[in-house]
Number of protein chains: 2
Amino acid sequence: MEAAVRDRIYEFIQASGLRRTTQRDAIIEAAFSYTDHYNADELLLRARSIDPSVSRATVYRTLPLLVESGLLKELDLGKEQMFYDPNYIDHPRHSHLICLDCNRILEFEDRNIDTLENCITKRLGFSPVNKSTRIEANCDELKRVGVCQHQAGQPAARS
Amino acid sequence: MEAAVRDRIYEFIQASGLRRTTQRDAIIEAAFSYTDHYNADELLLRARSIDPSVSRATVYRTLPLLVESGLLKELDLGKEQMFYDPNYIDHPRHSHLICLDCNRILEFEDRNIDTLENCITKRLGFSPVNKSTRIEANCDELKRVGVCQHQAGQPAARS
DNA sequence: ATTTCTGCAAACGATTTGCACAGGG
DNA sequence: CCCTGTGCAAATCGTTTGCAGAAAT
């Protein structure tokens with residue numbers, strides 16, 4: 001976890017009049033130790049490896065705080081649970097390609113799509129707050145070779 | 001409900017070896033009587049006005065069938081429940097702008113975004129199956145005039 | 001001392017499912 | 001007749017919440 005991120009988090013906590021607790025510290029430390037997205041359960045496990053007293057409820061109560069701070073991004077990837085992305089400030093990535101064959105999730109950026117979306121939103125009389133693009137796709141390699149290189153991950157979700 | 005749609009539905013039902021029941025008929029009739037998207041609960045109500053014996057379970061069991069037929073589109077609008085769009089064949093609309101002020105949902109099409117998304121997906125080695133764009137936004141009019149013309153709908157969801 | 005935080009366990013809400021019966025083919 | 005479809009009620013599962021005690025300020 002970068003010192004700059006840590007500083008901004010605790011700045012936010014203090015500014016919001018929130019208290020500093022060992023559980024929050026553990027959750028924060030865990031939340032920003034990832035290089036990729038994760039879900040609440042995974043975060044709970046990792047936070048507990050720092051402070052075993054952390055409960056699921058506190059994770060669920062802390063997550064919205066971090067999201068509100070702007071340092072953690074909540075991702076709706078179309079699964080039944082939410083995902084969280086800690087590297088959002090460095091690389092604001094809104095766009096996800098979800099492989100239906102191996103459940104892999106690729107993130108990509110595209111300035112052109114971004115611009116187009118802003119234009120459309122404005123034209124409709126709105127100011128964009130949150131934009132997301134989700135592409136569900138099949139793996140070309142799987143179709144060609146018969147195996148998906150990354151299928152190790154998990155079996156595909158809903159066919 | 002257009003005759004052409006009805007034909008295609010029952011064609012699909014027969015081709016799939018499914019049976020024709022009064023409950024399914026009622027749900028189908030209801031499902032394609034809408035001009036806009038709706039959720040499972042709303043559909044249940046309308047189906048029951050045709051056949052009061054329709055149960056929630058049957059609605060939930062029928063919905064995936066209709067989606068699989070390709071005549072009904074399932075929409076993940078980022079709320080906790082799914083929505084369904086019956087006019088998908090006529091106007092394949094993937095893109096939604098969700099007003100955070102009044103919960104209104106606007107649908108729009110953009111050929112350019114579509115093309116860009118296809119290119120990106122191909123470049124990454126995939127074939128797109130399902131693409132969706134979701135823009136959450138604030139109403140400019142509300143900001144300017146102080147009131148959102150459409151606020152009648154419902155109070156905004158999560159602030 | 002006062003207020004926020006916490007863990008626990010129960011509650012939630014949309015959706016799914018096991019079961020025994022009803023009803024299509 | 002046989003097998004699919006149905007209603008009912010209970011189960012699921014991620015997330016939220018009420019409560020009483022614990023800890024931060």
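No experiment lies behind these values; they were computed from the predicted model shown.
To the nearest angstrom, C1' of C:dT16 lies 15 Å from CG of B:Leu65. Here C:dT16 presents its C1' atom at 13 Å from CG of B:Leu63, a figure rounded to the nearest Å. Taking atom CD1 of A:Ile13 as the reference point, atom C1' of D:dA24 lies 13 Å away to the nearest angstrom. Distance A:Asp76 CG to D:dT15 P: 11 Å, rounded to the nearest Å. Note: OH (A:Tyr10) to C1' (D:dA24) measures 14 Å, nearest angstrom. In this structure, the CG atom of B:Asn39 is 14 Å from the P atom of C:dG13, given to the nearest Å. One interatomic measurement links the two molecules: NZ of A:Lys79 to P of D:dT15, which rounds to 14 Å at whole-angstrom precision. The CD1-P distance, from A:Ile27 to C:dT6, rounds to 7 Å in whole Å.
Annotation: of the two residues near DNA chain D, B:Arg24 and B:Arg48, the 5′-most nearest-nucleotide partner is B:Arg24. Nearest-nucleotide positions on DNA chain C for B:Arg20 and B:Arg56 put B:Arg56 closer to the 5' end. Annotation: of the two residues near DNA chain C, B:Leu18 and B:Asp41, the 5′-most nearest-nucleotide partner is B:Asp41.
Between C:dA14, D:dG14, D:dA23, one nucleotide has an atom nearer to the side chain of A:Arg19 than all others, and that is D:dA23. When the nucleotides D:dG14, C:dT17, D:dA23 are ranked by their closest atom to the side chain of B:Ala57, C:dT17 comes out on top. Among D:dT16, C:dT15, C:dG23, the nucleotide with an atom closest to any side-chain atom of A:Tyr60 is D:dT16. Nearest to the side-chain atoms of A:Gln23 among the listed nucleotides D:dT4, C:dT15, C:dT6 stands C:dT6.
Between the side chains of A:Ser33 and A:Arg46, at least one donor N or O sits under 3.5 Å from an acceptor N or O. Using modelled atom types and a 3.5 Å distance limit, the side chains of A:Lys131 and A:Asn118 yield a donor-acceptor pair.
With contacts defined as side-chain heavy-atom distances shorter than 4.5 Å, the pair B:Asp140/A:Lys122 qualifies. Contact check for B:Leu124 versus A:Phe108: side-chain heavy atoms found under the 4.5 Å cut-off.
At the phosphate of D:dA23, neither OP1 nor OP2 sits under 4.0 Å from any side-chain N or O atom of A:Thr22. Close to D:dT6, at under 4.0 Å from its OP1 or OP2, lies a side-chain N or O of B:Thr21.
With sequence neighbours left out, the ring pair (Phe, Tyr, Trp, His ring centres under 6.0 Å) criterion links A:Phe12 to no other residue.
The base of D:dG7 is paired with the side chain of B:Arg61 by a donor and an acceptor separated by under 3.5 Å.
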